[in-house]
Structures are given as structure tokens and as C-alpha cells.
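So the structure is just underneath, and the comments pick up after that.
Model, not experiment: these values are computed from the prediction.
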Amino acid sequence: MPGEGYRILLGCRRRSEALRACRLTFDQIAGVFALDHEVSPLRLYRYAHGRTAGDVVAAYNGLDPAGTATLRAARFYDYEAWPQAGRRPGAGAIAIFARIYQTTARRLVTDEVYVSYGVRDRDLIDQTDHRHLDAHHCREVSAPAVPGTKGTKALPPLVPAPAPARCADLLRAVGAEEADVKRRELLFELALLLGGTPALGLLRHLTPPERERLAAAARHQGPIDAATLDVLERLTARLWAMDESTGPRRVLPVAEAKRAMVDDLLKRGSLTPALRERLLRVYWSLSHMTGWCHYDLMDYASAARRYEEGLAAGHELGDPALLAHLHGLMADMAIFQAKPTMAMDHAFAAEGWAKHSGNGLQQAATFSIVARVLSNTRRDGEGLRMLDRAVRLADGSRSGAELRHLFWLEADRIARHAVFCFIKAGQFDRAIAEVEQRLAKTRSGFVLGKSMLQLECATALIEKREIPAATFMIDKAAQFVVGHSSARLVHSVRQTRARLQPWEGNKHVRDLDERLRSLSIPF
């Protein structure tokens, strides 16, 4: 390393150690160093950590998920020099550097560099967040509710910051997202309409004409046509994908705002019967989504209200499959709340509507919930028999366009409910074997389902007094709390840990407690 560069690094290392002693995060230290050093964010964060280029290159090659990284110091210096010189790092490389520097990938690129990436690369950069690795980072593990929407009772605000601050953040984000002034204004208007900065991750997937079409519909400047509904349906599907990978906190403000917009279009728009039915299905889907997100944040009252509004839309559509689905979700929520009577009521309603629908796929989804309810209240094996029936139906059915809400449904996802049923029946060995089989088939992006399976496995292991294996499973599930905002997941981790109370002094339990504290999970 050149003498001057090494002298700067040593000075930054000393200052960083002093600032860390004052409990500053690496993000804050990098901000302090930016006042004195006009260099790229990549170099600022290396200074904040006091690392040499060789240190970072070695760490990078060790973290490459493919195990094939061959980064060299010369190329790394090129990355640090960009965009004034050198070479732009790929989005995947930025994600790895974010882990090394214990920060978000977005903080490692300037606005100028960020806008040069493609849509998928910007999605990766936006979603990569490793600040939990910083011991001084204070992270919220549960999310508050979102603001109320038109025509509904007001809810506590999602973000406590005042509106001007949120607008300023959005303006900065839009400026990095879109260079053209006119397109930037349109993007700002749409993002503001759809919940603020989180909406940018969805809107960037739309073409400029599609954004204009969406804005025109929101302003009531033109008729709503099939192409506009295509855009609304695609955005809803992307929201579900976002929820599966990151959880409800980012999704809920966008979904609530979009639901309010669709509600407004239904009340004011002049629509043909066919288009109105499609738009009403979008409204049902968004009621479904917002209800699920509220439930995942353990805001049961708001979830029930959204589900009930979805039921009203289902009745207006006259679609028994949609009614069965929401009653099933309300039954599942009642199980989680330990309300067996309410769960049974919704389960029987769901079963009736599912049979009336005549659709095998909806029946599979509904019967899997009914199986859980039966297993929760009875020990006669009826729940497992109902679940076997659901798996057979899922194997032999395919979703049509009218059942978009079942895009996720596969036989394996239905079969995973057997773990719950086995545990309730006291068949712990079968539950553990089922978990191992299901985890081997679970997609990596299905974060919440995988972690819940691991916690169910831990419950079975605790019942068998296999404490080391149980703590290992709880630890693995708890790691997903870092990148997923589900309050239910945090609650379930805490509940499963509480089952270990008789083994408080066990070394494995004490080690688990330390790891849970490092993840800011109270117990």
C-alpha cells in the first residue's frame, strides 16, 4: 500500500476505534469520515472499519456464495475509484461488500452509480441490509401499524417522522431513480400516491407509458381499461413476492395506499360490468393482502377488519372460492390467538364455501386449514385424514386466472401442515421426520414458512428432551428475523424459547440466549 494511503488508513482506524467506544455505528462513522475524505462510499466504509484492501479482498473471497470468487486487490481498487475512474462493481459484489461492512448495499453506492444499474440489480441493492451485524445498531424487530385509509378507522402511523421529512426522503430517492425531469415528477406523484419510498421498488418495473396510464387512472383523467387493470394486477403480484422475501413492513404501506386508490376507482369510475368485476377482484386481493400483513404484524383487529371487507367484496362477486379463502385465513389467525371456538366457526364456514366452489385447488387450501383446526381441538386423527385429502386435491388441481390468490399453492406447502398435526397428536418423531422432508423441498425465498417449520421442529425436540438439537433449530429460525419483518416470527421464537425454561442452566440454552440478545429478541 502507498505510504500516504496507509497513513490515512491508520489515522481513520484510530478515530474509528474511539468513535466505536462511544457506541457509534459504522454508518455514523462513515458519515463522519465523509466530512474529511472526498472518496467513494466503498472506501469510506473501509476506513470506518480500519481495514486494508487485502483484508477486504480476503473477506470477500471467503463470503462469495458460489465459492468461486477470485477478487484481486487491483480490481478492488478499481471498484473503490468508480465512477471517477476504475470499474463499476456488480450489484452482487455490492451485496457482499455490504455484509463485510455491516451496512446496507444502498449506502455503498452514490446516487450517480445507483441509477446506472438495471431494475433487478437495484432491487437487490435495495433489499440487502446487514446492519444487524453491527453490535451498535439498534434494530426494531416488530413493526407498528400503517396509517388508516379512506373510509376506515384511523390506525397509528407507520413512521413517526413528519410528512415533510418523508417527502424529502422520497425526493432524494426519486432523484436517484430517474434522471429525466418529467418522468421524475410522474414517479414522485405515483410513489406519493402509493405509500412513499417503498413503492419505488414496484414502480421501477413499469414502463413510462404504464406509469402514465396508472397516473391517469388515479387522477380520473381517462377511462379505466383492461391495460390499466393489467398494471394493477401485476403490481399486486409483485407485492406478494416482496412480502414473502422481506415481510409486511415494506409491503403494508404500499398495499394500503393501493387498496384506497382501487376503492376510490370503484366508487367514482365509469366501468363496464366485466371491468368492474376485475377491479373488484383487485380490491378483494388487496383486502386479502393487507389483512395478511396486519396479521403478520399481530395487529389482529385491523386484520379482521380487512378480511371482513374482503368477504363483503367476495359476496358482491358471488365467488364462493374467495369467501372460503378468507374464512380459512381467519380460522388460522384464531388458532394463533388461541381462540379455538372462533377458529372452528371460521373453519366450518370455509369448508362449506370451498365445497360449494367446486374448485379442487381452493378446497385443498381450505382443507389444510380445517385440518389444523381439527388437530388443535381433537386427537382422533381426523385432522391428518383431512390433510391427506387436501394434499391429493393439490396434486390433481391447477389454478386458473380466477384463482390468482392461490399462485403459491403446491402439494408440498399443503403437506407442511402435517408437522402441526403430528405435534398436536403427540407424534413427535413423525413431526421431526416431516420437518426434515419439508425443509429439503422448501424454496430459499420462502422465509417465513421455513422458519416456522424450524420452530415447530424445535417444539417437538423439546418434548423429546433433545435440548441441544432444539436450541440449534431455534437459533436457525431466529436468524430469519434479521431480514424479515414478521412480528409473528419474533413472537413464535420467544414462545418456543419459553418452552426451554426448565433447562435455564443448560450451556446450549445460555448460548442461545446470547444469540437472541444479539438479534434484539427479548425473551
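To the nearest 0.5 Å, atom CG of residue D299 and atom SG of residue C293 are 11.5 Å apart. To the nearest 0.5 Å, atoms OG1 (T471) and CZ (R510) are separated by 12.0 Å. Rounding to the nearest 0.5 Å places CG of L271 at 5.0 Å from CD1 of I224. Remark: D225 CG to T228 OG1 distance equals 4.0 Å, nearest 0.5 Å. To the nearest 0.5 Å, atom CG of residue L286 and atom CZ of residue R259 are 8.0 Å apart. Within the model, atoms CZ of R499 and CD1 of I474 stand 9.5 Å from one another, a figure rounded to the nearest 0.5 Å.
The residues D263 and K267 are annotated as salt-bridged, a charged nitrogen and a carboxylate oxygen being separated by less than 4.0 angstrom. Residues E351 and K355 are paired through a salt bridge, judged by an N-O separation under 4.0 Å between the basic side chain and the carboxylate. The pair R305-E308 does not count as a salt bridge, with every side-chain nitrogen at least 4.0 angstrom from each carboxylate oxygen. Between R413 and E244, at least one side-chain nitrogen of the basic residue sits less than 4.0 Å from a carboxylate oxygen of the acidic one, meeting the salt-bridge criterion. Salt bridge K339/D345: absent, no basic N to carboxylate O contact under 4.0 Å. Using a cutoff of 4.0 Å between basic side-chain nitrogens and carboxylate oxygens, E210 and R213 are not scored as salt-bridged. Salt-bridge check for R416 with E456: passed, with a basic side-chain N closer than 4.0 Å to an acidic carboxylate O. Using a 4.0 Å cut-off between a side-chain N of Lys or Arg and a carboxylate O of Asp or Glu, D388 and R392 do not qualify as a salt bridge.
Looking only at distances, a side-chain donor or acceptor of R211 sits under 3.5 Å from a matching main-chain atom of L203. Panel note: side chain Q102, backbone H130; no donor-acceptor pair is recorded below 3.5 Å. Not one N or O on the side chain of T128 forms a donor-acceptor pair closer than 3.5 Å with the backbone of I125. In terms of modelled atom types and a separation under 3.5 Å, the side chain of S485 and the main chain of R249 share a donor-acceptor contact. The backbone N or O of T25 sits less than 3.5 Å from a side-chain atom of Q28, completing a donor-acceptor pair. Under the 3.5 Å distance criterion, the side-chain polar atoms of R465 are matched with a main-chain donor or acceptor of E463. A side-chain donor-acceptor contact under 3.5 Å links Q479 to the backbone of D475. Put simply, the side chain of D243 never gets that close to the backbone of V251: no donor and acceptor are under 3.5 Å apart. With hydrogens and angles ignored, the 3.5 Å screen pairs a side-chain donor or acceptor of S518 with a backbone N or O of R515. T103 places no side-chain N or O within donor-acceptor distance of the main-chain N or O of R99, the cut-off being under 3.5 Å.
The shortest non-hydrogen separation linking L170 to G196 is CD1-C, 4.0 Å. Nearest heavy atom pair, residue A394 against residue A364, reads N-CB, 3.6 Å. Residues A354 and A324 come closest through the heavy atom pair N-CB, 3.5 Å. When all heavy atoms of S375 and C421 are compared, the pair lying nearest together is OG-SG, 3.2 Å.
Paired with E233 under the rule salt bridge (charged side-chain N to carboxylate O under 4.0 Å, His left out), one option of R238, R281, R278 passes, and it is R278. Put simply, the residue from H346, H315, H325 that forms a ring pair (Phe, Tyr, Trp, His ring centres under 6.0 Å) with W353 is H315. The one candidate from Q337, H491, M333 that meets the side chain to side chain contact (heavy atoms under 4.5 Å, CB included) condition with M298 is H491. Each of V370, I335, V373, N376 was evaluated against M344; a single residue qualifies, V373, per the side chain to side chain contact (heavy atoms under 4.5 Å, CB included) test.
The side-chain heavy atoms of V254 and M242, taken from C-beta on, include no pair separated by under 4.5 Å.
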side-chain contact (heavy atoms from CB on, under 4.5 Å) evaluation trace for E256 with H294: CA-CA 10 Å; E256 285 282 13; H294 281 298; 2.8 Å; yes

Check the pair E316 / R276 against salt bridge (charged side-chain N to carboxylate O under 4.0 Å, His left out), numbers first and verdict last. CA-CA 11 Å; E316 184 174 343; R276 176 177 173 78; 3.0 Å; yes

Carefully, step by step, assess L512 and H508 under the rule side-chain contact (heavy atoms from CB on, under 4.5 Å). CA-CA 6 Å; L512 172 65; H508 297 282; over 6 Å; no

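A cation-pi arrangement is absent between R497 and W503, since the terminal nitrogen or guanidinium carbon is not both under 6.0 Å from the aromatic centre and inside a 45° cone about the axis.
Ring-plane geometry between W284 and H288 is classed as tilted, the angle between the planes lying from 30 to 60 degrees on a 0 to 90 degree scale.
Donor-acceptor pairing under 3.5 Å is recorded for the side chains of T366 and Q362. Counted by atom type alone, D129 and T104 present zero donor-acceptor pairs between their side chains at under 3.5 Å.
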